[in-house]
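So the structure is just underneath, and the comments pick up after that.
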Amino acid sequence: MIKILKTISIVILIFPIMISAQTQEKSAADILGNPEYLAISYGGYRENTRDVQPSIEQIKEDMKILAAMNVKVLRTYNVHLDQASNLLKAISELKQENPNFEMYVMLGAWIDCKNAWTELEPDHNLESDRNAIEIATAVELSKQYPDIIKVIAVGNEAMIRWAASYYVQPNVILKWVNYLQELKKKEELPANLWITSSDDFASWGGGDTSYRTKDLEQLIKAVDYVSMHTYPMHNSYYNPEFWFVPENEKDFSEIEKVDAAMLRSIEFAKKQYQDVSKYVKNIDSTKTIHIGESGWATISDGHYGKESSRAADEYKAGTYYKLMREWTNEEKISFFYFEAFDEQWKDAQNPVGSENHFGLINLKGQAKYAIWDLVNEGAFEGLTRDGKQIIKTYNGDKNALMQEVLPPPTKETFNNIPANSIN
């Protein structure tokens, strides 16, 4: 009996320690760069307008689907709509229902210049008055959900000049990053909440040297890490030299040309990452760089369709997804794939526009080629999206899928495409 009591006492002493270890709160430092915590961009919009916000129940469906894919970190883009707060409520409810449920958020705070999205001329040297409200809302949500929100991203592609409708100068992003860092010092925000800005690789000094300003240097020093974007798919049209079938591959079979082009696409993304890393590390050797956004559309009737770069299809998108996951997991780089689900509001007037088709799962609840293997493994068994079971696109017929896959053009054929065929 004494031995039994001793054993029980030991178990009682050890058990709280075990529970504490299991429920120990994760920080951004624990999550980012951890291959066990796959990251993805999430919107969840079903309709062709953001006037219809995804409900909490719809979001909870999505969270269960993403958890089945081993996704545990989500990226959002703004807090002025209900989507972000509804997402946080949904995750909180799922955690209450199941203490083992894990999902964390990189909360985006949208940043605009003065007169953005109006009939007036955008003033890129001044910021929108609404930015202060966006930051304040992000702060309040971070206080309310410290167990879920692990990163605040100040702006999305807010410094890159091709965002002509709304971009700001780096000093605006720097102002708000410093403000949030100061709140951490005052203990008004959690000390382990990381602050960043998520922007194109060029905005972080990885391209055009005109972006390499004193303000950018100060911003690099101020953020907790750098979140950069890279899009080989977009560059298949805008910067296509890497994409064209080279002379030494002209005798390849069509699938060999496609596979070779996808390998070059990965090298393109790696080069942009390395260029950013080299510049950033020269400014602050302690900073890590993660990929805040990169993806590949599966449908396009414009720049990436059959009459142009021919980049968009499920085979290429799936190949890109798998190769990028392999590289980033091996290098312990967080890679927020864009995106989880197709969203048709992005190009509401054109159902086959590429912006509507970046998801891993389409609006019919079908898993695209990139994650067919998860369907095979039964990962989605018992899960539905809007009443639809998660099944494979093309009924899982790869031969049918491949009928729509075209090799990249040669430089000569690309240059001979009639101008009116490019939308």
Side-chain angles (χ1 to χ4, degrees), residues 28 32 75-80 106-117 121-139 151-185 189 193-231 234 272-294 334 336:
L32 294 178
R75 183 182 169 207
T76 63
Y77 289 81
N78 62 72
V79 293
H80 62 270
M106 172 181 172
L107 188 70
W110 191 266
I111 297 295
D112 279 331
C113 70
K114 186 177 180 179
N115 300 334
W117 316 108
E121 184 73 18
D123 187 339
H124 301 293
N125 295 308
L126 296 175
E127 66 170 318
S128 165
D129 291 338
R130 208 204 167 280
N131 291 349
I133 301 171
E134 189 81 356
I135 294 294
T137 306
V139 168
V151 179
I152 295 178
V154 179
N156 173 66
E157 295 177 344
M159 297 184 289
I160 190 69
R161 294 170 202 146
W162 48 250
S165 300
Y166 66 93
Y167 81 83
V168 297
Q169 302 300 337
N171 68 299
V172 172
I173 305 297
L174 176 62
K175 165 191 167 181
W176 291 117
V177 168
N178 282 338
Y179 171 77
L180 294 171
Q181 297 288 27
E182 191 62 29
L183 291 184
K184 287 164 58 177
K185 291 178 183 176
L189 283 174
L193 175 71
W194 278 11
I195 312 299
T196 189
S197 181
S198 205
D199 218 308
D200 187 83
F201 89 106
S203 298
W204 287 113
D208 186 343
T209 56
S210 65
Y211 284 94
R212 299 179 180 181
T213 64
K214 290 293 183 183
D215 285 336
L216 181 61
E217 290 181 13
Q218 291 304 309
L219 179 60
I220 288 169
K221 293 174 182 177
V223 295
D224 290 298
Y225 76 98
V226 166
S227 177
M228 61 156 281
H229 301 183
T230 177
Y231 273 96
H234 287 149
Q272 291 194 332
Y273 180 87
Q274 290 160 359
D275 288 346
V276 169
S277 182
K278 182 179 179 181
Y279 177 71
V280 168
K281 295 287 188 183
N282 187 55
I283 303 300
D284 184 344
S285 62
T286 69
K287 287 296 183 290
T288 53
I289 298 93
H290 296 290
I291 297 175
E293 196 177 298
S294 189
S334 276
F336 287 80

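Because the structure is a prediction, the values reported are computed rather than measured.
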What pair of heavy atoms forms the shortest contact from [X] to [Y], and how long is it?
{"X": "Leu193", "Y": "Lys184", "value": "O-NZ, 2.7 Å"}
{"X": "Ser197", "Y": "Gly155", "value": "OG-O, 4.1 Å"}
{"X": "Phe336", "Y": "Gly292", "value": "CB-O, 3.2 Å"}
{"X": "His229", "Y": "Gln272", "value": "O-OE1, 4.4 Å"}
{"X": "Leu216", "Y": "Pro170", "value": "N-CB, 4.3 Å"}
{"X": "Pro122", "Y": "Ala164", "value": "CG-O, 3.9 Å"}

Interatomic spacing from [atom1] in [X] to [atom2] in [Y] - rounded to 0.5 Å:
{"X": "Glu182", "Y": "Leu189", "atom1": "CD", "atom2": "CG", "value": "11.0 Å"}
{"X": "Glu217", "Y": "Lys221", "atom1": "CD", "atom2": "NZ", "value": "6.0 Å"}
{"X": "Asp200", "Y": "Arg161", "atom1": "CG", "atom2": "CZ", "value": "11.0 Å"}
{"X": "Leu174", "Y": "Lys214", "atom1": "CG", "atom2": "NZ", "value": "13.5 Å"}
{"X": "Asn131", "Y": "Ile133", "atom1": "CG", "atom2": "CD1", "value": "9.0 Å"}
{"X": "Asn178", "Y": "Asn171", "atom1": "CG", "atom2": "CG", "value": "11.0 Å"}

| message | Under the rule for ring pair (Phe, Tyr, Trp, His ring centres under 6.0 Å), what residues qualify as partners of Tyr231, not counting sequence neighbours? | response | His234

| remark: Applying ring pair (Phe, Tyr, Trp, His ring centres under 6.0 Å) to Tyr211 and not counting sequence neighbours gives none

| Going through the distances and angles, do Ser198 and Met106 end up as a side chain to side chain contact (heavy atoms under 4.5 Å, CB included)? | CA-CA 10 Å; Ser198 205; Met106 172 181 172; 4.1 Å; yes

[X] (side chain) donor-acceptor with [Y] (main chain) under 3.5 angstrom:
{"X": "Ser203", "Y": "Ile160", "value": "yes"}
{"X": "Asp123", "Y": "Cys113", "value": "no"}
{"X": "Arg212", "Y": "Gly205", "value": "yes"}
{"X": "Ser227", "Y": "His290", "value": "no"}
{"X": "Thr196", "Y": "Ala153", "value": "no"}
{"X": "Asn115", "Y": "Glu121", "value": "yes"}

| message | A quick test of your reading: do over 12 heavy atoms of other residues, nucleotides or ligands sit less than 6.0 Å from CG of Asp129? | response | no

| Which is it for Asp215 and Thr213 under the side chain to side chain donor-acceptor pair (under 3.5 Å) test, yes or no, and what are the steps along the way? | CA-CA 5 Å; Asp215 285 336; Thr213 64; 5.2 Å; no

Is any side-chain heavy atom of [Y] closer than 4.5 Å to one of [X]?
{"X": "Ile173", "Y": "Asp199", "value": "no"}
{"X": "Ile111", "Y": "Ile135", "value": "yes"}
{"X": "Val154", "Y": "Leu180", "value": "yes"}

| query | Is the closest side-chain donor-acceptor distance between Glu127 and Trp176 under 3.5 Å? | reply | yes

| query | Going through the checks in order, is the side chain to side chain donor-acceptor pair (under 3.5 Å) test met by Gln181 and Asp224? | reply | CA-CA 9 Å; Gln181 297 288 27; Asp224 290 298; 3.2 Å; yes

| task | Assign the ring pair Tyr225 / Trp194 to parallel, tilted or perpendicular, where the plane angle (0 to 90°) is split at 30° and 60°. | result | tilted

| request: Could you tell me whether Tyr279 and Trp204 have their ring centroids closer than 6.0 angstrom? | output: no

| field | Test log, rule side chain to side chain contact (heavy atoms under 4.5 Å, CB included), inputs Lys281 and Ile289 | value | CA-CA 9 Å; Lys281 295 287 188 183; Ile289 298 93; 4.1 Å; yes

| task | Determine, step by step, whether Val223 and Lys287 satisfy the side chain to side chain contact (heavy atoms under 4.5 Å, CB included) criterion, reporting the C-alpha distance in whole Å, the side-chain angles of both residues, the deciding distance to 0.1 Å, and the verdict. | result | CA-CA 8 Å; Val223 295; Lys287 287 296 183 290; 4.2 Å; yes

| Run the side chain to side chain contact (heavy atoms under 4.5 Å, CB included) check on Val280 and Met228 step by step: do they pass? | CA-CA 11 Å; Val280 168; Met228 61 156 281; over 6 Å; no

